[in-house]
Amino acid sequence: MFLGLDSSTQSLSALVIDPASGSVVAEESVNFGADLPAYDSPSGFIPGGTNGEVHADPRMWIEALDLLFSRLAEKADLSTIEAVACSGQQHGSVYLDASFADRLATLDPATPLVDQLAPALTRDTSPIWMDTSTGDECRRIADALGGDAEVCRRSGSVATERFTGPQIRRFFKHDGEAYGRTAVIHLVSSFIGSILAGRNIAIDHGDGAGMNLLDLKSLDWDDALLEATAPGLRAKLPATGASATVAGGISGYFPSKYGISGSCQVVLSTGDNPSSLVGMGATRPGTFVISLGTSDTFFAAMSEPVTDPNGFGHVFGNPAGGFMSLICFRNGSLAREALRDALGLGWDDFDRGALAQTPAGNEGRVMLPFFGPEITPRHDFEGPVRNFPDDAPAPVQVRALLEGQFLNMKLHSQWLGESPELIRLTGGASQNDGIAGLIADIFQAPVERFAVANGAALGAAIRAAHACGHDLEPLTTAFCQPAPDSRIDPDAGLASVYESALSRYKTLLTSTTGAPVA
Ligand code: ADP
Ligand code: XUL
């Protein structure tokens, strides 16, 4: 058996696979808001951050790990687990002092993890991917390197607010003393993996590329980027490593406390998007994945590592080797939920039947679907922008929001120079037939959904098996099959309707933000 964990924005989940029978044998989840209410983070982060700050409490992630294992141990026999791998929300960072390594090495099963590890934190809260507070740092890093094009050429992305490098720079600037006491900086994924391994593990090329610090050619930290970020940073970063690397055996804490096998291996962690690429069976070019979680993301394996001239898209390491593209849309489910709640609707009002009340293209009515700051395109929207009255009937608004979201996705993925042959959907909203059908029509590609909703945790479990000698191909064939009857083919008759809609969308966007899209 192989265990995959995913520490996402809102929850920590686990999935156990048995490659011999090709079955998922257990699934379990801890919801940060509902299960750990003491952290006052109903959506997994601390509400009310100022100046674009969005932070989460890393103690919540640690406490969730004990809770998850205690629930999992009740459900499944963990003594046959050969290896475990983690996935984590990308870019978020955890700051620890020199005692962390010793604390990890001497974990005592009689005391909760959080009590043993929290004293090592040099920063109480962790900036996460929703944070937009580092515009100034991004400019300074880009200036030091001679411009954004150079940062992008080296690291695969322009200096980007949520990326870890600019976040580290801001910490150093605001609290140099605590930065000085910091001995190691982890990503969310490598932090959880290090607790499992009982020692600091390396950062893989998939998640590492989301830091503006990794040189995509050498796959090592880039000295010029390190220097532009903060002093002495190389010494505080773990080594880098290929995703399919066994980091070592599991810490004795977990076998004693939860009955997991003492010979269980810990495989390097990766980011939730690279992990989903594996879990969605999309490690080869041609199949695109759209993940409809808290954020929406659009990603695929790349034939060649091209970069986005607009600076919104990213290049990360593909855990199966080579590279992948990633474009993140902050106003994903957050915006769908905002419109649903503002109009007093339910998800039924986003479904196929409800969408059938309005025609494709919405008779020229267009919405820029942003209820707050957006990453792609980068702009501080204060609310949606409409070319029609705000009080239009609900079905018009719902169609305008969804068409706006996926036209925006289509527009901002054109730099890839490749159209999807097939789209695989994952994340909470992927089960919605209305949303899935609209994606098929806008991209003019068939859409498939999966029985396993958590592609990132599945990807982690598959990676654990792969790193321990199982071939990737048979694993993805066994586990990454679309659910029966989940496929939706595009309506070819709507291709021209959505071409006109795309050009209307682009006109409204460029006139609102003043920034042309190449
Ligand atoms: P994350 O991994 O970012 O924590 P998930 O992939 O679990 O998020 O997705 C959760 C989101 O899915 C919820 O916040 C909700 O907005 C959305 N969702 C759940 N069911 C539906 C549905 N039927 N239609 C549209 N959206 C849905
Ligand atoms: C990707 C991104 C988000 C997070 C959270 O760049 O910021 O998708 O990984 O899921």
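- No side-chain donor-acceptor contact under 3.5 Å links Asp204 to the backbone of Thr240.
- Residues Cys264 and Pro255 are not in side-chain contact: their nearest non-hydrogen atoms beyond the backbone lie 4.5 Å or more apart.
- Inter-residue side-chain proximity for Ile423 and Phe443 is flagged as met; some heavy-atom pair is nearer than 4.5 Å.
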Point to revise | Phe316 and His205: CA distance, side-chain angles, deciding distance, ring-ring contact (aromatic ring centres under 6.0 Å, His included) verdict | key: CA-CA 7 Å; Phe316 295 156; His205 306 143; over 10 Å; no
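- Between Leu15 and Asn454 the shortest heavy-atom distance is CD1-O, 4.5 Å.
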**Study point:** Chi angles and distances behind the salt bridge (Lys or Arg N to Asp or Glu O under 4.0 Å) call for Arg153, Asp148
**Key:** CA-CA 8 Å; Arg153 191 187 67 76; Asp148 256 328; over 6 Å; no
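- Within the 4.5 Å cutoff, side-chain heavy atoms of Met211 are placed close to those of Leu187.
- Annotation: Arg71, atom CZ; neighbour count of heavy atoms from other residues, nucleotides and ligands within 6.0 Å is above 12.
- In this structure a side-chain-to-backbone donor-acceptor pair under 3.5 Å is present from Ser194 to Ile201.
- Residues Glu28 and Ser13 have side chains that never bring a donor and an acceptor to within less than 3.5 angstrom of each other.
- Between Cys480 and Ile462 the shortest heavy-atom distance is SG-CD1, 3.8 Å.
- Of the inter-residue distances, the one linking Lys257 atom NZ with Ser251 atom OG reads 11.0 Å to the nearest 0.5 angstrom.
- Between Leu196 and Phe69, the closest side-chain pair of non-hydrogen atoms falls below 4.5 Å.
- Classification of Arg330 and Glu161 as a salt-bridged pair fails, no side-chain N sitting under 4.0 Å from a carboxylate O.
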Exercise for review: Evaluate side-chain contact (heavy atoms from CB on, under 4.5 Å) for Phe329 paired with Thr297, printing each intermediate quantity in order.
Suggested key: CA-CA 6 Å; Phe329 304 86; Thr297 55; 5.9 Å; no
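- Looking only at side-chain heavy atoms (C-beta outward), Phe32 and Ser41 stay at 4.5 Å or farther from each other.
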Exercise for review: Give the intermediate values and the outcome of side-chain contact (heavy atoms from CB on, under 4.5 Å) for residues Phe171 and Thr134.
Suggested key: CA-CA 10 Å; Phe171 179 49; Thr134 61; over 6 Å; no
Point to revise | side-chain contact (heavy atoms from CB on, under 4.5 Å) evaluation trace for Val151 with Arg154 | key: CA-CA 5 Å; Val151 179; Arg154 287 169 187 255; over 6 Å; no
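- In terms of heavy atoms, Pro285 sits closest to Met302 at CG-C, 4.1 Å.
- Under a 3.5 Å cut-off, the side chain of Arg424 and the backbone N or O of Met280 do form a donor-acceptor pair.
- Nearest heavy-atom pair across Thr283 and Asn318 is O-ND2, 3.1 Å.
- Counted by atom type alone, Asp220 and Ser218 present zero donor-acceptor pairs between their side chains at under 3.5 Å.
- With hydrogens and angles ignored, the 3.5 Å screen pairs no side-chain donor or acceptor of Asp471 with any backbone N or O of Pro474.
- Remark: side-chain polar atoms of His314 are not paired, donor with acceptor, to backbone N or O of Ser157 under 3.5 angstrom.
- Side-chain atoms of Ser7 do not come within 3.5 Å of backbone N or O of Leu12 as any donor-acceptor pair.
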Practice item. Test Thr294 against Gln10 for side chain to side chain donor-acceptor pair (under 3.5 Å), laying out the working first. Key: CA-CA 8 Å; Thr294 307; Gln10 308 208 30; 3.0 Å; yes
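- Residues Glu473 and Arg284 are paired through a salt bridge, judged by an N-O separation under 4.0 Å between the basic side chain and the carboxylate.
- Residues Arg487 and Leu422 have side chains in contact (heavy-atom distance under 4.5 Å, counting atoms from C-beta outward).
- Side-chain atoms of Thr477 never come within 3.5 Å of backbone atoms of Leu475 as a donor-acceptor pair (strictly under, hydrogens ignored).
- Inspection of the Asn273 and Gln90 side chains reveals an N or O donor paired with an N or O acceptor under 3.5 Å.
- Of the N and O atoms on the side chains of Thr182 and Thr122, at least one donor lies less than 3.5 Å from an acceptor on the other residue.
- A cation-pi arrangement is present between Lys236 and Tyr179, with the terminal nitrogen or guanidinium carbon under 6.0 Å from the aromatic centre and inside a 45° cone about the axis.
- Judged by distance alone, the side chains of Asn200 and His186 do bring a donor and an acceptor atom under 3.5 Å apart.
- Two residues are said to be in side-chain contact when any heavy atoms from C-beta on lie closer than 4.5 Å; Val188 and Asp207 fail this criterion.
- Formation of a donor-acceptor pair under 3.5 Å by the Glu374 side chain with backbone atoms of Asn331 is found in this model.
- The local environment of CG in Asp124 is sparse, with at most 12 non-hydrogen atoms from other residues, nucleotides or ligands closer than 6.0 Å.
- Although no hydrogens or angles enter the test, the distance criterion places a donor-acceptor pair under 3.5 Å between the side chain of Asn212 and the main chain of Thr160.
- Asp272 and Ser87 make their closest contact through CA-OG, 3.3 Å (heavy atoms, listed as atom of the first residue, atom of the second, distance).
- Looking at Ser189, its side chain never comes within 3.5 Å of a backbone N or O of Gly88 through a donor-acceptor pair.
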Practice item. Applying side-chain contact (heavy atoms from CB on, under 4.5 Å), run through Val246 and Val266 and close with a yes or a no. Key: CA-CA 6 Å; Val246 175; Val266 179; over 6 Å; no
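- For the 3.5 Å distance criterion, the side chains of Tyr39 and Glu63 qualify, holding a donor opposite an acceptor.
- A donor-acceptor contact closer than 3.5 angstrom links the side chains of Trp129 and Thr9.
- Within the 4.5 Å cutoff, the side chain of Asp215 has no heavy atoms near those of the Ser155 side chain.
- Considering all non-hydrogen atoms of both residues, Pro127 and Tyr95 come closest at CD-CE1, 4.1 Å.
- Checked options Ile17, Asp18, Val84; the residue passing with Met1 is Asp18 (criterion: side chain to side chain contact (heavy atoms under 4.5 Å, CB included)).
- In summary, Asp131 and Arg162 do not engage in a salt bridge, as defined by a charged side-chain N under 4.0 Å from a carboxylate O.
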